[in-house]
Student: 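For reference, the structure I am asking about is given below.
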There are 2 protein chains.
Amino acid sequence: MKIGEAAAASGVSERMIRHYEKIGLIAAAARRSSGYRDYDARDVETLRFIRRSRDLGFPIEEIGQLLSLWHDRGRASADVKALALSRAAELQRKAAELEQMRRALLDLAERCHGDDRPDCPILCGLEGLA
Amino acid sequence: MKIGEAAAASGVSERMIRHYEKIGLIAAAARRSSGYRDYDARDVETLRFIRRSRDLGFPIEEIGQLLSLWHDRGRASADVKALALSRAAELQRKAAELEQMRRALLDLAERCHGDDRPDCPILCGLEGLA
DNA sequence: TATGGTGCTTGACACCATGTCAAGGTCAAT
DNA sequence: ATTGACCTTGACATGGTGTCAAGCACCATA
């Protein structure tokens with residue numbers, strides 16, 4: 001299977017497949033005599049695993065750890081759970097941060113009459129004179 | 001005022017001050033005969049404005065628009081409010097996305113016993129066999 | 001078989017915001 | 001005058017992805 005087909009089958013772009021190979025997240029693909037990369041079903045499975053992990057917000061480094069655990073038949077599920085819970089906590093932290101920014105913005109916007117007049121509490125707030 | 005003092009006074013790092021100058025977000029600073037950049041209170045105010053905008057999640061491009069509006073004494077507050085509300089909506093969208101990822105992760109983690117045994121619903125979920 | 005179109009290769013540049021490091025010049029205080 | 005802190009520019013890195021370019025491989029059809 002050539003890289004284009006592997007990309008279509010896994011949902012990971014050709015660009016990112018080459019990238020993951022370069023940074024060592026996945027092993028270098030087999031090559032045909034022409035130099036084309038050659039993929040099999042197992043490779044596609046791995047790529048799909050990576051894509052799902054990314055979709056769940058795991059950074060590359062942690063995806064590497066997940067892949068190790070995945071390939072390790074004797075791993076303890078506790079190790080995986082710990083990674084997942086720590087990721088979930090991080091996501092919550094980030095979401096809370098965004099929410100806090102949003103609330104601050106809405107507070108400013110609420111005090112802004114939002115018409116043709118030039119005075120604007122939002123800009124004053126950004127100046128630091130809120 | 002030299003760049004280090006301006007950085008300390010505004011909360012924007014020296015690195016980013018130079019960066020903002022290079023990308024044209026702020027005007028090129030005055031220079032002493034030595035070549036050192038020279039800042040006054042007004043410059044620091046601008047930097048602080050930028051920092052607060054960044055803290056509220058505005059991307060650089062929108063900060064440029066905010067700066068224009070800020071400097072424009074005749075601006076309509078409605079224009080500022082529109083920017084702020086659109087930013088708030090974007091923040092909410094992003095937060096919701098993170099929250100959705102988190103929930104998916106927690107769903108998987110909940111089904112994982114998290115002990116020494118190797119079978120793990122989280123990894124199965126990442127494989128796509130959830 | 002020749003040709004064309006599509007797919008593959010590598011490499012480079014871009015984004016956005018920020019950090020760090022290096023080599024060299026300047027300032028201020030001792 | 002020396003020293004140590006500060007400034008200058010430039011380059012490289014991060015993370016995840018896009019795009020573009022030049023050149024080669026593959027396949028089907030004329």
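Within every chain, numbering begins at 1; the chains are lettered A, B, ... in the order of the sequence lines, protein sequences first and strands thereafter.
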Student: Looking at S77(B) and D115(A), would you say the former's side chain and the latter's main chain have a donor-acceptor pair under 3.5 Å?
Tutor: yes
Student: Atom CD of E14(B) to atom C1' of dT18(C): distance rounded to whole Å?
Tutor: 13 Å
Student: Using 4.0 Å as the upper bound for N to carboxylate O, is an ion pair formed by D107(A) and R111(A)?
Tutor: no
Student: Of all residues at least two apart in sequence or in a different chain, which pass the side-chain contact (heavy atoms from CB on, under 4.5 Å) check with Y39(B)?
Tutor: M1(B), I3(B), A6(B), I17(B), E21(B), A29(B), R37(B), D43(B)
Student: For residues 38-50 of chain A, which residues have at least one heavy atom under 4.0 Å from DNA chain D?
Tutor: none
Student: Near Q65(A) CD, under 6.0 Å, is it more than 12 heavy atoms from other residues, nucleotides or ligands?
Tutor: yes
Student: Hey, does the side chain of R31(A) reach the backbone of G35(A) with a donor-acceptor pair shorter than 3.5 angstrom?
Tutor: yes
Student: Send over the distance from I60(A) CD1 to dA13(D) C1', rounded to a whole Å.
Tutor: 16 Å
Student: With L98(A) as reference, evaluate R93(B), K94(B), E90(B) under the side chain to side chain contact (heavy atoms under 4.5 Å, CB included) test and give the passing residue.
Tutor: K94(B)
Student: Please, which pairs that meet ring-ring contact (aromatic ring centres under 6.0 Å, His included) have at least one residue in residues 55-111 of chain A, sequence neighbours excluded?
Tutor: F49(A)-W70(A)
Student: Are E99(B) and R102(B) within salt-bridge range, i.e. N to O under 4.0 Å?
Tutor: yes
Student: Given 3.5 Å as the limit, does a donor-acceptor pair link the side chain of R75(B) with the main chain of P118(A), or not?
Tutor: yes
Student: Return whichever of E5(A) or R54(B) has its heavy-atom-nearest nucleotide of DNA chain C closer to the 5' end.
Tutor: E5(A)
Student: Within residues 15-29 of chain A, find the residues that approach DNA chain C with a heavy atom at under 4.0 Å, and present them sorted by residue number.
Tutor: R15(A), R18(A)
Student: Once you round it to whole Å, what is the distance between P of dG15(D) and CD1 of I63(A)?
Tutor: 12 Å
Student: Could you check how far CZ of R31(A) sits from P of dC24(D), rounded to whole Å?
Tutor: 16 Å
Student: Output yes when at least one side-chain N/O atom of R37(B) is less than 4.0 Å from OP1 or OP2 of dT9(D), else no.
Tutor: yes
Student: Report the distance from atom CE of M1(A) to atom P of dC26(D), rounded to the nearest whole Å.
Tutor: 17 Å
Student: To the nearest 0.5 Å, what is the distance between OG (S53(A)) and CZ (R87(A))?
Tutor: 11.0 Å
Student: Which residues pass the side-chain contact (heavy atoms from CB on, under 4.5 Å) test with I60(A), not counting sequence neighbours?
Tutor: Y20(A), I23(A), L25(A), R54(A)
Student: Generate the contact string for nucleotides 23-30 of chain C. Rules: B means base contact, S means sugar-phosphate contact only, - means no protein heavy atom under 4.0 Å.
Tutor: --BBS---
